[in-house]
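Atoms within each ligand, like the ligands themselves, are counted from 1 in listed order. Quick note: residue numbers are just sequence positions, from 1.
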Amino acid sequence: MTTHSLPDLPYACDALEPFIDAQTMTIHHTKHHQTYVDKLNQALSNFPEFNGLAVDQLMMRLADIPESIRTAVRNHGGGHANHSFFWPLLKRDVPLKNPVKAAIENSFRTYEQFEHQFSEAASTLFGSGWAWLVSDDGALRITTTPNQDNPLTQGLTPILGIDLWEHAYYLKYQNRRPDYVRAFFNVINWEKVNEHYERSMG
Ligand code: MN
């Protein structure tokens with residue numbers, strides 16, 4: 001039984017050009033994300049008791065997952081959850097607005113300070129992983145996770161994230177991760193970030 005499925009991209013694969021190219025988007029979505037979904041379903045195939053759980057719930061309950069499949073669920077479930085979160089966060093030409101604008105200025109003093117600190121964290125993370133802007137009871141901070149881990153499992157609510165695996169940028173930026181991170185700031189869907197922030201405040 002297949003319980004998890006690949007969500008559609010909420011835009012055309014070339015919608016983020018020139019910042020994120022169409023070929024990268026296509027491969028990232030239809031190959032990489034699809035593989036996380038397939039391998040998650042494969043891992044869960046003999047454990048129907050988890051069929052009813054959405055992937056985010058599954059990640060919050062990793063400790064309840066049988067040990068024989070826990071690493072597979074952590075990695076592939078994490079990949080599915082993170083990419084499902086990531087796609088809708090991307091959109092061109094969306095201005096930063098309240099309430100996140102004010103929250104960023106409260107936590108980082110200025111937007112420029114936030115961008116600087118986020119870029120530093122994203123550019124210097126060793127190996128594959130993600131950088132996040134998380135809400136900790138309304139206060140914002142920057143954190144990183146290795147591989148496909150997610151701050152949700154640490155009790156933090158991510159409101160923005162950037163995929164720092166090479167597959168997210170290598171075709172266009174090769175080894176120049178800082179250039180990809182710089183480009184990312186042009187395609188942040190701040191309306192979606194606001195939605196996540198408002199939800200984190202209950
Ligand atoms: Mn990815």
ask   = How about Trp165 and His83: are their ring centres within less than 6.0 Å of each other?
value = no
remark   = side-chain hydrogen bond (donor to acceptor under 3.5 Å, both in side chains) test vs Trp132 passes for just one of Asn150, Thr157, Thr145, namely Thr145
query = Using 30° and 60° as the class limits, which term best fits the ring planes of Tyr169 and Tyr180: parallel, tilted or perpendicular?
reply = parallel
ask   = What number of protein N, O or S atoms occur at distances under 2.8 Å from the Mn ion (ligand 1)?
value = 4
inquiry  = Tell me whether the rings of His32 and His28 are parallel (<30°), tilted (30 to 60°) or perpendicular (>60°).
reply    = perpendicular
ask   = If you measure from CZ on Arg141 to OG on Ser135, what distance do you get to the nearest 0.5 Å?
value = 10.0 Å
task = Return each pair, listed once, that meets side chain to side chain donor-acceptor pair (under 3.5 Å) where at least one residue sits in residues 17-26; pairs must be two or more places apart or across chains.
result = Asp21-Thr24
